Each structure stands twice: as C-alpha cells, then as structure tokens.
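Remarks on the structure that follows.
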2 protein chains.
Amino acid sequence: MDRIDGIPHYVRIREEIRENLLSEKLKKGDRLPSEEELAAFYGVSRMTLRQGINDLIDEGLLYRRHGVGTFVSKNHLMRDHSRLNGFNQQPEPSSDEITEELLSASIVQAKAHVAKALGIEEGDESIRIITLRCIDGEPITIHDIYLPRVLFKNVKLGDIDAAMSNLWEFYSTHGNVIKNGIQRLEARQAEGEIAEQLKLESGAPILYKERTLYAEDGTPIEFLYCYNRGDMYSVTIRLQR
Amino acid sequence: MDRIDGIPHYVRIREEIRENLLSEKLKKGDRLPSEEELAAFYGVSRMTLRQGINDLIDEGLLYRRHGVGTFVSKNHLMRDHSRLNGFNQQPEPSSDEITEELLSASIVQAKAHVAKALGIEEGDESIRIITLRCIDGEPITIHDIYLPRVLFKNVKLGDIDAAMSNLWEFYSTHGNVIKNGIQRLEARQAEGEIAEQLKLESGAPILYKERTLYAEDGTPIEFLYCYNRGDMYSVTIRLQR
DNA sequence: GAGTGGTCTAGACCACCCG
DNA sequence: GGGTGGTCTAGACCACTCG
C-alpha cells in the first residue's frame, strides 16, 4: 500500500500473478484464493485487484465463474498472430536465419485500391516499399507496402533501408503509432514476377494477404500486399469470444 | 440511480453510447464529454461509467488519450472473423443461397493428430462429422469435424443432422460452451477426393484451415479440418494491439 | 493553471453456486 | 447458509496535455 515505484499496483499484481502462472506455482485448473483474500494479501482494495485480474482474463490465462471462483485456464498458450507485435517477432522462433532485403523504395501515385485503403485520393503520392524475406536463404515472403506520403513528409527514400529492421518503430518516430488493423487472407496461385522472386513454379500455392494498419484514431498508416510461399508459411490466429 | 430492470448500469450506459455511435449523434473523431460530466449525466459514479466505456474501447469504437479526452474512432467497423460467432454467421451476407449438407456422421478412433488436439488418447472414440457448404449450389467449403466422444456421451448419430444448422448451440445443450479457440491457415493445392467434392481441378488453390475450439476452462470441444475453395473464399481478421 | 483521464480506496449490497 | 464473484459508490490524488 506504500509502493511508489511509479508502477500502478494493478500492474504489479498482474505481473506477480503472471509469474506464478509461468513458474507453475499456479497450475492449470487451480482455483485462486478469493478476491477478498488476494486483495488483503497484496494490500489493495478489491477493485484494484480486479483490474489486474481482468487483464489476465483478457489474455485468456484465467477465467471467472460467478459464485465459484477464479481459475487458471487449461489452455495451451499458443502463438497468436491476432495480437499485433511488429513484423520481426512473426517468423517462427525455430527458424535458423531470417533475412529481410529491401528490393525497392519509391514514391508512386496511389492506385484506386491502395488509395481507398489509405484514405487518400487516387493519384496522391504514396511511399512504396518492396521487401523480400528469406529463411536460410530460401525466399518465403514478399511484402509490397504503401504509406501515405502526407504522414511521412520528411522521409527520404534513403532512410528506409536503415529503418527496415523495425518499420513499426520507424512509423512511431514519425508520429504514427500502430494501434490496430485488419487483414484478409486468400489462397492463390503463384504467377509471373511473384513466382520468380519466390522461386516457385507457376501455379504453386500462395498464401496471399492484404492488410491495413491504423493509428489509435483510425487513420490508416500502412497498406500491404503480402505473398507467402504456401509450403513454408502458415498463419495462426487466436479466437476470443 | 434507481433503475431496477436487472441490467447493470454500465451495460445500459454502454448500449446507450453505442446507439449514439450507430445513429451518428456521435460522429467519427468527436470528443465525448468528460468522464465526470458523463457520470453525472447518467447518474452513476465515474468508476461505473468507465466500466461501460472500457467495453467500447475494447471493441475499437472509442479510444482515450490521457489528459485530452475520449474520442470516437474513425475506424470502419469491418467484418471480423477473429471474434467467435458460430458457423452460420460467417458466410458473406451478400450471398444468395447458402446450404449445408451433412455428408457423414460416424464414430471413429482418433488418429494421432486429432487426439492431440482434443486432449484424448490415440484410438479413443471421437465423433466425426463431414459437411459440405454450397453457395447457390456451388460447393465452397468442406468441414471435417471431430468431437471427443466423452463430452457427448448421450448423442446419437441420428441427432446430428438436425443439430447441424447450429452446431455451437448443439454443443451448449450438452454442457460444452465454446469460449475461445485457435486456428491455423495455409494455402494448399486441391487433390483427390477434396478436389472432386469441391469440383476443382487437381492443383487449384485451397485455403486450408485447422481449428480447435475450447470451453472456458480450456477443455477442447471441437477439432476441425476445413477446405475452402481459394477462388471463392477469404478470411478477414481484425488485429488489436 | 485548468481540464482531462489513470489509479485507488473502503466499504456496500446483490446474484450465483454449492453442500 | 456461507462463500464466491458482479456491481456500485463518493470521494481522493496523481499524471498528462494544452494553451
């Protein structure tokens, strides 16, 4: 009740409970002590305790049953692509060596589809960035990225190569913080240039993705076409009711 | 402060604000009155007001900026497959006629992959349901569903045809309420029986999906293989930071 | 400095579940 | 009936943003 580290009590409590989950002091299916007991233990009011617990419930680690108690979920905590976490955490952790190569950076006039996604007019300037990602030298993903020029006025194309290792941070430094997004997935066949760049036969399966990313207030920041080799890539999504 | 309809104040407030968003009394980008004002207006304490607002923020309809105010997101509210809502709401609303046909229902011994997903032993009994979904008579999706027999002891195979229109409700009536899940998507090529049933050439692109659904406590309830015609199906996912 | 949201309290009463 | 979570209060002080 007298901690003044600047971190809120409910955050401290949340992380302490998370620790107990990771170290399995709290095991799958266990019932936690009652909220009243926990609040007393942590020296906070019940409302504050609940604020911490709520976060863990949102993450799917705990669940409540009215009149019964609060429990540890039996869920395996699986990789979760429905949470945003930047590009570079996405590749499989098992992979050996991941490289990302800038194929081109340019200023282009937005075509209708891109303009609509970015909320700009057709023909307005946009920054186009094309990258190739490889695992152990095998090409696996092509990104074709569009940014509204108006949100990145001071950017020079030469800056982009250095920024590529963490594009989201690059957006942030220009005042554009990614908050949420929407993506659409399709199965397609490799063709033409895309097939060549991914070293695929024409007709091989491609996991095709379109994605728009937004700032907190809903301003579109990035639109992306993404072509993934079907035989080397899958997307995992957590579903939450 | 004296409503006794049995509905919590924060729910009533949340829905009233949602109404104002839908009817555009609150427009994209608008700032809401301060929490203190709103709490006074609705006749509740500030904590209660915030509980209602928090739900709308979780849905992405509003956002807060510390020291500034609470605002209406500019986000388009798009279709969202990362929220669970049962099978039958998933097909495109624009589609004309959707039919779902039961191809088979049987008791089978779980193979290794299915058993692992369902948390049962290899060889244990599971209920297998295969369905074909068509739009305007065109086959579009095959579902190959597995349920742990032990969770559906009283079920007769003959019951399944009637239950198919709403499988999730069927699960609920047997005490298995779907709470969350995980799915994995891949691009593949149509082959053999799957190609035939979807009336595709061998090699045509397929959006392949595996999904496991869980109850609140993490018990697996359903495991599913799903084969979608690549040229007629896409999956849309909302990303939330 | 004025106004906003962020955190927190120390209680209270209710609804639900179980033996 | 006893214990649990669900809702709610009427304040308080702090941290942040902006003019």
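Below, chains carry the letters A, B, ... as their sequence lines are ordered, and counting in each starts from 1. Everything numeric in this text was worked out from a predicted model, so none of it was measured.
- Taking atom CD of residue B:E216 and atom C1' of nucleotide D:dG5, one finds them 12 Å apart after rounding to whole Å.
- With 3.5 Å as the limit, one finds a donor-acceptor pair spanning the side chains of B:N54 and B:R64.
- Between A:F152 and A:F170, the angle of the ring planes stays under 30°, which puts this pair in the parallel group of the 30/60° scheme.
- D:dT17 atom C1' lies 10 Å from atom CZ of B:F71, rounded to whole Å.
- If you measure from atom CG of A:L62 to atom P of D:dT4, you get 16 Å, rounded to the nearest angstrom.
- Between B:D144 and the options B:K111, B:K209, B:R128, a salt bridge (Lys or Arg N to Asp or Glu O under 4.0 Å) holds for only B:R128.
- The aromatic rings of B:H113 and B:Y225 sit tilted, their planes meeting at an angle between 30° and 60°.
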Give me, pair by pair, the N or O atoms of the protein and of nucleotides 4-7 of chain C that are less than 3.5 Å apart, along with how far apart they are.
residue: C:dG5; atom: OP1; partner: B:T70; partner atom: N; Å: 3.3
residue: C:dG5; atom: OP1; partner: B:T70; partner atom: OG1; Å: 3.0
residue: C:dG5; atom: OP2; partner: B:E35; partner atom: N; Å: 2.8
residue: C:dG5; atom: N2; partner: B:H66; partner atom: NE2; Å: 3.2
residue: C:dG5; atom: N3; partner: B:H66; partner atom: NE2; Å: 3.3
residue: C:dG6; atom: OP2; partner: B:R50; partner atom: NH1; Å: 2.7
residue: C:dG6; atom: OP2; partner: B:R50; partner atom: NH2; Å: 3.1
residue: C:dG6; atom: OP2; partner: B:R64; partner atom: NE; Å: 3.2
residue: C:dG6; atom: N7; partner: B:R46; partner atom: NH2; Å: 2.6
residue: C:dG6; atom: O6; partner: B:R46; partner atom: NH1; Å: 3.0
residue: C:dT7; atom: OP1; partner: A:Y10; partner atom: OH; Å: 2.7
residue: C:dT7; atom: OP2; partner: A:Y10; partner atom: OH; Å: 3.3

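- When each of A:L62, A:N20, A:L56 is paired with A:L32, the side chain to side chain contact (heavy atoms under 4.5 Å, CB included) condition holds for A:L62 and for no other.
- With rounding to whole Å, A:L38 atom CG is found 17 Å from C:dA10 atom C1'.
- At whole-Å resolution of the value, CD1 in A:I57 and P in D:dT4 are 16 Å apart.
- Counting heavy-atom neighbours within 6.0 Å of A:E15 CD, excluding the residue itself, gives a total above 12.
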